[in-house]
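As structure tokens, the structure follows; a few thoughts come after it.
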2 protein chains.
Amino acid sequence: MRRMTARPANTHQARLLRLLRDGGPNSRAQLGDQVDLSRSKLAVEVDRLLETGLVVADGLAASRGGRRSHNIRLAPGLRFLGVDIGATSIDVAVTNAELEVLGHLNHPMDVREGPVAVFEQVLTMAAKLRASGLAEGFDGAGIGVPGPVRFPEGVPVAPPIMPGWDGFPVREALSQELGCPVMVDNDVNLMALGEQHAGVARSVGDFLCVKIGTGIGCGIVVGGEVYRGTTGSAGDIGHIQVEPDGRACACGNRGCLEAHFSGAALARDAEDAARTGRSAELAARLDGAGKLSAIDVAAAAAAGDPTALDLIREGGNRVGQVIAGLVSFFNPGLVVIGGGVTGLGHNLLASVRTQVYRQSLPLATGNLPIVLGELGPVAGVTGAARLISDHLFSPA
Amino acid sequence: MRRMTARPANTHQARLLRLLRDGGPNSRAQLGDQVDLSRSKLAVEVDRLLETGLVVADGLAASRGGRRSHNIRLAPGLRFLGVDIGATSIDVAVTNAELEVLGHLNHPMDVREGPVAVFEQVLTMAAKLRASGLAEGFDGAGIGVPGPVRFPEGVPVAPPIMPGWDGFPVREALSQELGCPVMVDNDVNLMALGEQHAGVARSVGDFLCVKIGTGIGCGIVVGGEVYRGTTGSAGDIGHIQVEPDGRACACGNRGCLEAHFSGAALARDAEDAARTGRSAELAARLDGAGKLSAIDVAAAAAAGDPTALDLIREGGNRVGQVIAGLVSFFNPGLVVIGGGVTGLGHNLLASVRTQVYRQSLPLATGNLPIVLGELGPVAGVTGAARLISDHLFSPA
DNA sequence: CCAACTTTCTCCACACTCAGGACAAAGATG
DNA sequence: CATCTTTGTCCTGAGTGTGGAGAAAGTTGG
């Protein structure tokens, strides 16, 4: 199949493509109602899009009391690849033009193995998805990496947890391998985009998306757009100091949020509690290598283990304290909490909420929902697909 | 004189008005180079603006090697009123259309005297400026109040330090009295706008403007636009907790930044040091009522008083700690520090910088200037004029 | 089965926008 | 004084977009 070559020629066309992406197939008449254009002008633009092959007319819709309308939809063969590289695993998914996930693979892998090894794995997974018949090729790909990115160039910069990636031309390299346009972003920003597109943050203009996985980061959305900061490191809240002379952090400082609570810190604390005999529940869950994960802590808490509950509560207080500050500063309309620790669920959420509602000003918290993300591992890959589709569905 | 009645009819006209405002008088040819429009189209739009009276052609400019150009400038009679209501004083200024301050008055007054009394004073000051011949009337006014504002309506909401103002229709009332359009915003946002227009933040897209006066607030500028948050309380950093069980704050919580450092807290600490005999320098500066101000502390520090220096240093550390967190989160291109405490100058700046550069990530601080505002009390009124002119210089 | 009404879509005439070139005006230069 | 440069105006032609007329295709009720 010939891949997507054309791009919208003007903002009207871009607008139409996004409407079709977000609202599904539609008739010319209904599109006309949404884009404040005359029927005639709209017909012209739709015809031009039909000529480019970006959209197709397939069949007639049911009548709504008059002549039946032609269904206009995005080309059904369009495929986007969404890649989410986490600290300890890789997610890859294929979507159609409406960004619905058609297939999704996950593979545990440490980013610290470096860009070359990770890329090989990503390409293998992409090939597997293609082989399964879900795609004959990709029209675009979005990829998230767990660290700051110089966005225009698509290159990671000074990533603390991913040595070896600094300056690696992710966009360039992946584009070469896949033969399609690629956009690169921070994994946290993509999670925010995903939740905005298909999750809890639909129709919210300004919100924060806190991702607690191996580390902690925060996606910032302002007026519906991801805010990336001057050097692309906005949202890097893992190294905010929460304890003047606290624990040593990998970044070289002491008392960073991430050192006190995160997937990694929680696992370490739980292992410690298990070995020192403070929790039989946790001890029973130690694996062969003497390791625990956030999931084990969640299970122990569900079984009523007070030590596990304490760990979660204390962690929630730490994050909540930081989020309370951010809420005062940013005054968001919504706070989403996601990442690996969502398994800790409402125990975590409860302590976060307590801190925020107690510490931040009533005006900022009065109507502020604090909720868990609803897309789980799909958020990142959906956000990645959204990133590239936003890029391709804008005037060239 | 007839006041400004017309508004730009389209974005081109709005663009031209702003160019003339920010770049001063200009020829048609030079304007054409700046707004990607053909000479003919530009001539048409300029002619239409001339017809409305918003701009005038006055005289010929010097030749640049060919035919001399006609100078196009904003109507010289346009006048904006900028009002900055602080916690303890009121600033009022008149500007021309280029936002140059033509006259500026200051009057000490406590906002807690309520909106009616404050308004009376503002109107008196405006009348005095008018009587001095600087303006025959006002084409628009901007006003800043020390608390959150529901921006579209121009109404203060739940202002902690200004009881009695909650819900008072500031925009409506002032517009009625002055007979011209009015826009209302938080005083901190206006300071940010002022520094962006004519101060240290020119040509910076994303920056923070921390105002330390009686309280502490922070103006947030994203992509050149002030970010106000979902309910208009964005930037309210005075009540971020900096000490788990710290001092009691007026807001009802404990350990708020504002309770530990701000103009008010610093004065209290200084008075305490003076009375308990810890600082002779400060004791010597006590006024009849046993009061001190930030200026006294600055003077004592300049005289080498170690207690005063300690107070400044400790305060700077507190604010620096919070700013460090905000820098990690927001990744600004510039941090401006202003407000009443700028008199503390480089002693304060030094401790803020130390905290930020030590605690925030290198990627965020690498190229980050932290500077004092350069406009002083003019920042707020300039920002106020800018606010209303931005409003009036946009398509109706 | 037919008349009346709806909804969808196409076609066409007209207005408006805007670019670019020709040209006039006004000055500099040698 | 001839030539060049810069500025500003006028005009034509291409393209953009609106709104109305009307054809196409359906529903509804008698």
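These numbers were taken from a predicted model, which means no experiment stands behind them. Throughout, a chain's letter reflects where its sequence line sits, starting with A, and its residues are numbered from 1.
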Exercise for the section: Take atom CD of A:Gln13 and atom P of D:dT16, then tell me their distance rounded to the nearest Å. Expected result: 10 Å
Problem - Contacts of type side chain to side chain contact (heavy atoms under 4.5 Å, CB included), residue B:Pro395, not counting sequence neighbours - result: B:Thr11, B:Ala14
Exercise for the section: Calculate the interatomic distance between A:Asp33 atom CG and C:dT7 atom C1'; express it in whole Å. Expected result: 11 Å
Fill in the blank from the handout: Hits for side chain to side chain contact (heavy atoms under 4.5 Å, CB included) against B:Leu37, two or more places apart or cross-chain, chain-then-number order -> B:His12, B:Val35, B:Lys41
Handout entry: Any residue meeting salt bridge (Lys or Arg N to Asp or Glu O under 4.0 Å) with B:Asp33, in chain and number order, not counting sequence neighbours
Key = none
Handout entry: Residue list, side chain to side chain contact (heavy atoms under 4.5 Å, CB included) with B:Arg73, at least two apart or on another chain
Key = B:Pro25, B:Val56, B:Asp58
Problem - Qualifying residues under side chain to side chain contact (heavy atoms under 4.5 Å, CB included), relative to A:Pro369, sequence neighbours excluded - result: A:Leu334, A:Val371
Exercise for the section: Answer with base, sugar-phosphate or nothing: what part of the nucleic acid does B:Ser40 contact at a heavy-atom distance below 4.0 Å? Expected result: base
What pairs of nitrogen or oxygen atoms, one from the protein and one from nucleotides 14-18 of chain C, lie under 3.5 Å apart?
{"unit_1": "C:dC18", "atom_1": "OP1", "unit_2": "B:His12", "atom_2": "NE2", "d": "3.2"}
{"unit_1": "C:dC18", "atom_1": "OP2", "unit_2": "B:Lys41", "atom_2": "NZ", "d": "2.6"}

Handout entry: Contacts of B:Arg228 that satisfy side chain to side chain donor-acceptor pair (under 3.5 Å) - sequence neighbours left out
Key = B:Asp185
Practice task
Measure from CG on A:Leu42 to C1' on C:dC11 and round the result to the nearest Å.
Solution key: 15 Å
Handout entry: Set of residues satisfying salt bridge (Lys or Arg N to Asp or Glu O under 4.0 Å) with respect to B:Arg21, sequence neighbours excluded
Key = B:Asp390
Output one line per pair: protein atom, nucleotide atom from nucleotides 25-30 of chain D, and distance, for all N/O pairs under 3.5 Å.
{"unit_1": "D:dA25", "atom_1": "N3", "unit_2": "A:Arg67", "atom_2": "N", "d": "3.2"}

Practice task
Would you please indicate if the ring centroids of B:Phe330 and A:Tyr227 are separated by under 6.0 Å?
Solution key: yes
Practice task
Examine D:dG17: is either OP1 or OP2 under 4.0 Å from a nitrogen or oxygen in the side chain of A:Arg39? Give yes or no.
Solution key: no
